[in-house]
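The first residue in the sequence is number 1, and the count goes up from there. Whatever order the structure lists them in is the order used to number ligands and atoms, beginning at 1.
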Amino acid sequence: MSDLQILMLGPPGAGKGTQSSRIAEAYDLEHITTGDALRSRKDMQTAHGTPREYMDAGELVPDPVVNEIVESAIEEADGFVLDGYPRNKAQAEFLDEITALDVIIYLDVDREELIRRLTGRRVCEDCGENYHVEFAPPVDQGICDDCGGELIQRTDDSEKTVKERLRVFDETTKPVITYYRSDSIFHQIDGNTTPDNVFKHIVDLLDSVR
Ligand code: AP5
């Protein structure tokens with residue numbers, strides 16, 4: 001396994017999950033994603049309630065819960081692509097304390113495109129594979145190509161909750177972009193084009209910095 005430490009930033013729906021999976025596979029890295037980690041622990045009881053209460057409303061899960069998940073995942077990884085974290089200044093400062101990043105990639109995508117991507121996303125209930133009703137449809141409608149599982153809409157992908165997630169991004173996560181922007185390892189990539197095209201730009205970038 002390579003030991004590259006990559007941070008993937010971007011608004012909800014920018015394609016962080018899509019691109020991080022591809023990077024992890026191509027460069028033999030661990031894909032650490034707080035969204036998936038929290039979805040698999042949605043009903044876990046914490047001192048702050050359950051993650052579900054926050055996620056279904058489009059709000060951020062409290063820092064202590066998320067920081068602990070990220071710290072233990074990073075400790076176990078030889079190299080990683082981190083997706084969905086940090087989402088506020090305090091999380092960014094915590095991340096700085098526990099690791100040293102090699103590359104930061106910010107996927108920039110227009111607002112209308114984000115809404116289209118999120119409200120049209122469908123995920124396999126069984127294996128978690130991602131689809132899009134328009135951009136990446138399955139062969140048989142509503143059925144996962146990989147495992148035959150049922151495709152469902154994430155509860156936080158309704159139009160109302162998507163708008164709230166974008167509001168939280170503007171208010172709380174945008175300052176994280178500003179926090180990293182002047183760093184020499186920060187790179188902005190246009191995420192408005194096709195997944196293949198975005199991935200090509202990322203590979204060009206990673207190959208130039210390795
Ligand atoms: P999380 O799961 O991290 O959601 P998110 O950041 O809102 O990101 P998404 O997974 O929705 O989008 P993405 O950028 O990964 O896009 P994707 O590749 O899937 O977090 C969910 C919740 O968990 C949060 O709201 C919060 O409550 C909690 N949480 C998570 N981390 C936290 C933290 N650190 N602190 C506190 N709380 C936290 O693509 C989207 C769609 O577009 C797909 O359908 C895909 O097929 C399609 N698509 C992707 N790329 C393209 C393209 N180039 N062209 C066309 N379609 C595309």
Between ligand 1 and [X], is the shortest N or O to N or O distance under 3.5 Å?
X: Gly58; answer: no
X: Tyr54; answer: no
X: Tyr85; answer: no
X: Gly84; answer: yes
X: Thr193; answer: yes

Within 6.0 Å of NE2 in His132, more than 12 heavy atoms from elsewhere = yes

Does a side-chain N-to-carboxylate-O contact under 4.0 Å join Arg117 and Asp110?
-> no

Is any NZ, NE, NH1 or NH2 atom of the basic residue among Lys200 and Asp204 found under 4.0 Å from an Asp or Glu carboxylate oxygen of the other?
-> yes

I would like to know whether Leu166 and Ile115 meet side chain to side chain contact (heavy atoms under 4.5 Å, CB included); could you show each step before the answer?
-> CA-CA 9 Å; Leu166 291 170; Ile115 294 173; 3.8 Å; yes

When distances are taken from atom 31 (N) of ligand 1, the protein heavy atom at minimum range is Thr34 OG1, 2.8 Å

For ligand 1, is any non-hydrogen atom under 4.0 Å from Val61's backbone (N, CA, C, O), its side chain (CB onward), both, or neither?
-> both

Evaluating non-hydrogen atoms only, which member of Arg117, Glu129, Arg154 is closest to atom 41 (C) of ligand 1?
-> Arg117

